[in-house]
Amino acid sequence: MTSRPASPQTPRFTCRRSLLSLASLAALSTLAAGAQAQSAPPPAAPAAQSAEQPAKANLDTVTVTGLRASLESALRAKRDDNSIVDVIKAEDMGKFPDTNLAESLQRVPGVVIDRDAGEGRNITVRGLGQDFTRVRINGIEGLATTGGTDSSGGANRSRGFDFNVFASELFNSLTVRKSSSADVDEGSLGATVDLQTTRPFDLKGFKGMVSLKGGYNDLSGKTTPRAAFLLSNTFADKKLGVLISGAYSQRKVLEEGFSTVRWDNGPSSGGWCAPQGVTPANPSNSTATTCGPAAQGVLRLANTAANIAAYNEASKAENFHPRLPRYGRLTHDQDRLGVTAAVQFKPADGTLLTLDLLYSKLDATRQEDFLEVISFSRNAGQGGKPQTSVVSASYAPNGALIKGVFNGVDVRAESRFDELSTTFTQPTLTLEQDFGEHVRLTARAGRATSKFRNPVQTTTTLDALNVNGYSIDFSADDRAPAISYPFDPTQAGGALTLVGVPVASSGTQAGTITNTTSSEIRIRPQGASNTNDVFHLDLAWDVMPNKLMLKGGVDYKKYSFDSYEFRRVNQNDTIFPVPAGSTVASLTTSLTGFGKGQNLPAGTATSWVIPNLAAIAQAYDIYCNCIKSGPAGGPGDFTLSSITNGNARGNNRSVTEQDEAAFFQLDFNTRLGDIPVRGNIGTRYVKTKLAATGYQATSGGTAVTVDHVYDDLLPAANLAATLSKDVIVRFAAAKVMARPQLGNLSPGGTISTTGTLSVTSGNPLLKPFRATTFDSSIEWYFAKNAFLGLGLFQKNISTYIQSIRNNVPFKQTGLPMSLLPSNFTGDEVFQVTAPINTDGGKLQGFELNYQQPFTFLPGWGKNFGALLNYTYVKSKIEYVVSPTSTATITDDLINLSPKSWNATLYYDDGAFSARISGSQRSGFVTRVPGQNNNDVEGKNKTFNVDVSLSYKVNDKLEVTLEGVNLTNQANDQFISRARDSVVVNNVTGRELMAGFRYRF
């Protein structure tokens, strides 16, 4: 059964502020699910707790030796916490519950993840996507970015954090902060996630661990290693501690399936080729008998009733077809290395100096091979749709193509190769100093740097032009159609060939073939860098020990983002015919064995010829960055350009932000009558100074830098009341902000000062996303280490960001007058297309959470336990459909899954431990409005099952067996609510890992 997107008629969940403000009704339940648990590190006293110090997990008090002990200590700490947090702890040194940090996070109520190549990449918290979630490592904000497939968002140039950069073995705790407090730095609407590496004083004396595993993927058939180690010791009467840890892993997976690069309707790209006697949509590009120029010989269909009926049906605006229907294989090879080091020095009582070092390197290659049809998405000048005839076609009542046969179709074997790397470094220095018994100072400084590089991104193609008899049939499976090609796609030197631009014997050399898309060589090296320089200082004073604490401090952060991209000066990416001394067959290779275990329709191509990049690179010398032959900008020009290149210019941009903040907070622990009440109340003031640089099209690329300054006052309060020994109610309220997406801040774009005065660019003057949040919950600790909770939350988003067209005087654009001709005054009204601030909307939801060990069962049954949670989120935002229309689409926030749940059943008797975890996320939208005449784009629901088994042979040796993605869940992306038309439907296979851990 094929999963479908959530219906727009889903019943509305309403949650009034008055209800949320009743602290006696609720407090957000935030215990982790899966093989994790929720809590914050236990404070020495409730009034002295600090959310700014995630590193101070009290492992000296609680010794975590197994799954049960981890859950127990986390639940106890959760109960004592002032704020609303979830914490996931490692059961032992280097033993984080999941192989991927994102996979662990999805066990937390309200947290769902998105995957790339089957591996968790980023998260959404309570309906708010990765751009609204901040991540701190050892107390310092960082931003790790990688490059993904185009369908997963491509290279990350946003504020979102890619968790797949890090090995999970490097960390011992992960904290999700859902409520805000004044001492937690700003920047999040969804949550702040704290990652903490292990420190030597967390352990006692000499400790060591080594772990070795082998992983097997059943789709790729490859076995890969995974290894980790940790060494720690204390010296000089426990005044000095040193720790080093490392992790290395390889991953070799295949991603296979069907994709379409979206769907479009009949009239798009100039419409279909009309039968003879029917007036064509593009009469200037056709003859009476041919679709396009007579010289190309693409014949129009005869004037029959059947041909005219098929043409008319396919040409309806309400009928849609896939743009690039294709089967494909993506080959992912990945090496990940991570190293941490920590030195702690305690020269005297009350003084602790900690140096944390973190290094991570993710190297990967990705090969993408497709057998596709390109003419359905191309215009007449590209020899596309107006040269394609509809022999027969049928459509579903919702407008989706069921099956069709077409003539004049351009078929392509496309191959793309990427080399990708991310290098992350972060040193952090922390000083904790006591002044007497009641005053404490904490100072922290660090730099987090992430450098993403994609030095090789090269696409090559083989093409077969204007073939007749291509058919595609979705009638048996709307996610995997039957496709028939009218030639043998496996034949080297056959129909699929290198179509080059003919070399001119005289006169001007053409850069393209008229009304044709010839074979291409695309070269697009690119990269992005992110740097966070952070300084924090706070002073805490126990005015009344264990009852009242005053805390104040300052924060400074300088964030820098820089992005670049190069492309060929020849922006058509065309090539000359095969060089002398080579043949088409010598420049190709073959893909074989496609579709293993996927039940593909009979006749689906499981092998096809593909370009041989190494051979093509050598024959054409494509990486010379020079003109090999012909004129500049022609098919033989492999020179690269960036800011002067219209196609690459938009990704050459930078942003620098300087954030200065100060906060004041009061932590209290008192009683109202007979009810113990604790919490904190405070406010944070922050000023953001922004400088955004982009390139306008004038003079081949004119650098433009725009400054913007804004400030925010962000009050926050957290309250926890213990109504009885087993019941706690919580309430939290705050004003929060998240800075605009980086891509929307660039002032770069295009400007026209003749004809229609227009500017197309980003908007560096955007206000941040702003919201007021309310959280409340009731927690019932009904038995030992057992918990049942109900939480309610609401976020009133007061500012949102959408792109729209607006008419404003040039002086109000924030752009320099130097871009205008000398006779302009700046009062001229320009048509500006850019992102702007719009009204937001309400996000509301609830969480249910249950955790219990089954100690009430007899015999070995008492070793079982369960963790369950369910989250419902509802939000409606009005999205602008067109910059020239007042029409809107009301839909969910981007990346918001209305429903998600997690369930884990575990067994732990101290020696043998086992757990099975299931995670489901409902469908969600990724773009509103959708592209190509569609209302929305999104992803359908997912359901993942993971299993973990371990057995302690003795106190030192433990053997493990894990299974990941046992459901082989497809990455199922769709376009259109009504049609649910497939965009991507790929699988990556199941993964099994076996190995051992040894402690010494």
Side-chain angles (χ1 to χ4, degrees), residues 147 150 154-155 157 381-382 414-421 451-461 500-501 503-504 508-513 517-529 561-576 579 613 616-655 692-705 742-743 745-753 759-762 815-816 818-819:
D150 289 345
R157 291 184 173 90
Q382 298 167 306
E414 177 178 332
S415 181
R416 169 176 156 180
F417 180 76
D418 284 79
E419 292 181 4
L420 311 141
S421 71
K451 293 183 179 180
F452 164 70
R453 297 294 181 263
N454 191 178
V456 176
Q457 184 190 112
T458 304
T459 300
T460 52
T461 72
V501 178
V503 178
T508 302
Q509 171 62 55
T512 61
I513 304 174
T517 297
S518 60
S519 296
E520 302 173 7
I521 296 179
R522 306 174 200 154
I523 307 173
R524 300 176 180 180
Q526 56 188 286
S529 297
F561 162 78
D562 182 78
S563 168
Y564 69 87
E565 181 176 0
F566 289 82
R567 295 195 182 190
R568 288 180 64 185
V569 170
N570 172 8
Q571 296 188 34
N572 292 305
D573 296 318
T574 53
I575 59 174
F576 280 127
L613 174 59
I616 290 174
Q618 182 176 5
Y620 284 91
D621 195 14
I622 67 175
Y623 296 125
C624 70
N625 193 19
C626 68
I627 301 175
K628 291 299 296 182
S629 60
D637 190 349
F638 294 98
T639 307
L640 303 180
S641 60
S642 57
I643 61 174
T644 59
N645 191 308
N647 291 329
R649 186 181 299 122
N651 278 332
N652 288 273
R653 49 190 167 87
S654 64
V655 173
T693 300
Y695 293 89
Q696 292 284 345
T698 55
S699 303
T702 300
V704 178
T705 299
L742 296 173
L745 291 175
S746 173
T750 60
I751 181 170
S752 175
T753 57
V759 174
T760 301
S761 71
L815 300 175
S818 59
L819 293 178

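The model shown is predicted, which means the values in this text are computed figures rather than measured ones.
Under the side chain to side chain contact (heavy atoms under 4.5 Å, CB included) criterion, Ile622 pairs with Thr458, Ile521, Ile523, Leu613, Ala617, Tyr620, Phe638, sequence neighbours left out. In this view, Asn647 and Arg567, Gln571, Asn645 satisfy the side chain to side chain contact (heavy atoms under 4.5 Å, CB included) rule, not counting sequence neighbours. With sequence neighbours left out, the side chain to side chain donor-acceptor pair (under 3.5 Å) criterion links Asn651 to Glu565. Contacts of Ser761 classified as side chain to side chain donor-acceptor pair (under 3.5 Å), with partners at least two apart in sequence or in another chain: none. Shown here are the salt bridge (Lys or Arg N to Asp or Glu O under 4.0 Å) partners of Arg453, two or more places apart in sequence or in another chain: there are none. The side chain to side chain donor-acceptor pair (under 3.5 Å) check on Thr644 picks up nothing, with sequence neighbours excluded. In terms of the salt bridge (Lys or Arg N to Asp or Glu O under 4.0 Å) criterion, residue partners of Arg524 (sequence neighbours excluded) are, by chain and number, Asp573. In terms of the side chain to side chain contact (heavy atoms under 4.5 Å, CB included) criterion, residue partners of Ser519 (sequence neighbours excluded) are, by chain and number, Thr461, Asp463, Leu498, Val499, Ile575. Taking Thr459 as the reference, nothing meets the side chain to side chain donor-acceptor pair (under 3.5 Å) condition, with sequence neighbours excluded. Take Val503 and apply the side chain to side chain contact (heavy atoms under 4.5 Å, CB included) test, not counting sequence neighbours, and it matches Gln509, Phe576, Pro577.
Atoms CD1 and OG1, on Ile616 and Thr460 in that order, are 4.5 Å from each other to the nearest 0.5 Å. Taken from CZ in Phe452 to OG in Ser421, the straight-line distance is 7.5 Å, to the nearest 0.5 Å.
Listed here is the closest heavy atom pair of Ala619 and Pro579: O-CG, 3.6 Å. Contact detail for Ser654 and Asp562: the closest heavy-atom pair is CB-OD1, 3.7 Å. Across all non-hydrogen atoms, the minimal contact from Gly748 to Gln696 is C-NE2, 4.2 Å. Residues Pro455 and Pro525 come closest through the heavy atom pair O-CB, 3.4 Å. The shortest non-hydrogen separation linking Ser641 to Ala648 is O-CB, 4.2 Å. Closest heavy-atom contact between Leu745 and Ala692: O-CB, 3.3 Å.
The salt bridge (Lys or Arg N to Asp or Glu O under 4.0 Å) analysis of residues 626-649, with sequence neighbours excluded, yields the pairs Asp621-Lys628.
Side-chain contact between Arg568 and Leu640: present, with at least one pair of heavy atoms (C-beta onward) separated by less than 4.5 Å. Between Ile643 and Tyr564, every side-chain heavy-atom pair lies at or beyond the 4.5 Å cut-off.
The residues Glu414 and Arg522 are annotated as salt-bridged, a charged nitrogen and a carboxylate oxygen being separated by less than 4.0 angstrom.
Thr517 places a side-chain N or O within 3.5 Å of a backbone atom of Gln382 that can act as its donor or acceptor partner.
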Sequence neighbours excluded and cut-off under 3.5 Å, please list the side-chain donor-acceptor pairs for residues 629-636, or say none.
none

